[in-house]
Amino acid sequence: FYFGMRAALRLFLFAFLPVVFATTGFDLSYFQGDVPASTFQCLSENGYVFGVIEATHGSEPELNPYISSVMSNARQYIPNVDIYIFPDPFYDASDLIGGYITDLINDGVLQSNMVWFDIEGTQYWYSSCA
């Protein structure tokens, strides 16, 4: 009986822990434009605690012109906001990403948040991973 209870407890924990630690969040693209603080206030009031915002202009080799404003607005209401980058495979990754990171730090976008890379399409993967 003792081992059966321990097994049942483990099963319960493994089944429900992902739900307990789930985070309600959003993904905001460049194409949403300069999102006002009131939008993030509404998201916060409805349980959103995490967001990831596109820092680039799609897959173009340039930063999202709204990223500084949107991050500033989001940080007023959302406790954890990260950014994501679509790297352009036709440019040197070190130079391109290095430039992005420098600019994002200087603009106050990158503080203690994470940077995610959004790599879509197998044509961008290393050949052994496709």
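- The shortest non-hydrogen separation linking Leu63 to Asp103 is CD1-CB, 3.7 Å.
- Side-chain contact annotation: Asn64 with Thr56, donor-acceptor N/O pair under 3.5 Å absent.
- The distance from atom OH of Tyr84 to atom CG of Asp27, rounded to the nearest 0.5 Å, is 4.0 Å.
- Side-chain contact check for Pro79 versus Phe50: every heavy-atom pair is 4.5 Å or farther apart.
- Side-chain contact between Val81 and Phe40 is absent, with no heavy-atom pair separated by less than 4.5 Å.
- Note that the CG atom of Asp34 and the CG atom of Asn73 stand 6.5 Å from one another [nearest 0.5 Å].
- When hydrophobic clusters are built by joining Ile, Leu, Val, Met, Phe, Trp and Tyr residues whose side-chain heavy atoms come closer than 4.5 Å, directly or via intermediates, Tyr91 is grouped together with Ile97.
- The distance from the CZ atom of Phe117 to the CD1 atom of Ile85 is 5.0 Å, given to the nearest 0.5 Å.
- Hydrophobic clustering places Val70 together with Phe31 (ILVMFWY residues linked when any side-chain heavy atoms are closer than 4.5 Å, directly or through intermediates).
- No side-chain donor-acceptor contact under 3.5 Å links Gln41 to the backbone of Glu45.
- Within the 3.5 Å criterion, the main-chain N or O of Glu62 finds a donor-acceptor partner in the side chain of Tyr100.
- Side-chain contact between Tyr30 and Tyr66: present, with at least one pair of heavy atoms (C-beta onward) separated by less than 4.5 Å.
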Problem - Residue pair Asn113, Gln111: steps toward the side chain to side chain contact (heavy atoms under 4.5 Å, CB included) verdict - result: CA-CA 6 Å; Asn113 46 325; Gln111 295 173 2; 4.1 Å; yes

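- Atom CH2 of Trp116 and atom CD of Glu54 lie 15.5 Å apart (nearest 0.5 Å).
- Within the 4.5 Å cutoff, no side-chain heavy atoms of Val109 are placed close to those of Ile53.
- If you chain together hydrophobic residues whose side chains sit under 4.5 Å apart, Met71 and Val35 fall into the same group.
- The distance from atom OG of Ser72 to atom CG of Asp107, rounded to the nearest 0.5 Å, is 11.5 Å.
- In this structure, the side chain of Ser44 does not engage the main chain of Ile78 through any donor-acceptor pair within 3.5 Å.
- Checked by atom type and distance alone, the side chain of Asp82 never pairs as donor or acceptor with a backbone atom of Gly51 at under 3.5 Å.
- Between Val52 and Leu28, every side-chain heavy-atom pair lies at or beyond the 4.5 Å cut-off.
- Interatomic distance, CD of Gln32 versus OG1 of Thr39, reported as 10.0 Å (0.5 Å rounding).
- In this structure, Leu104 and Ile83 have side chains that are in contact, with non-hydrogen atoms separated by less than 4.5 Å.
- One hydrophobic cluster, built from ILVMFWY side chains closer than 4.5 Å, holds both Ile67 and Ile105.
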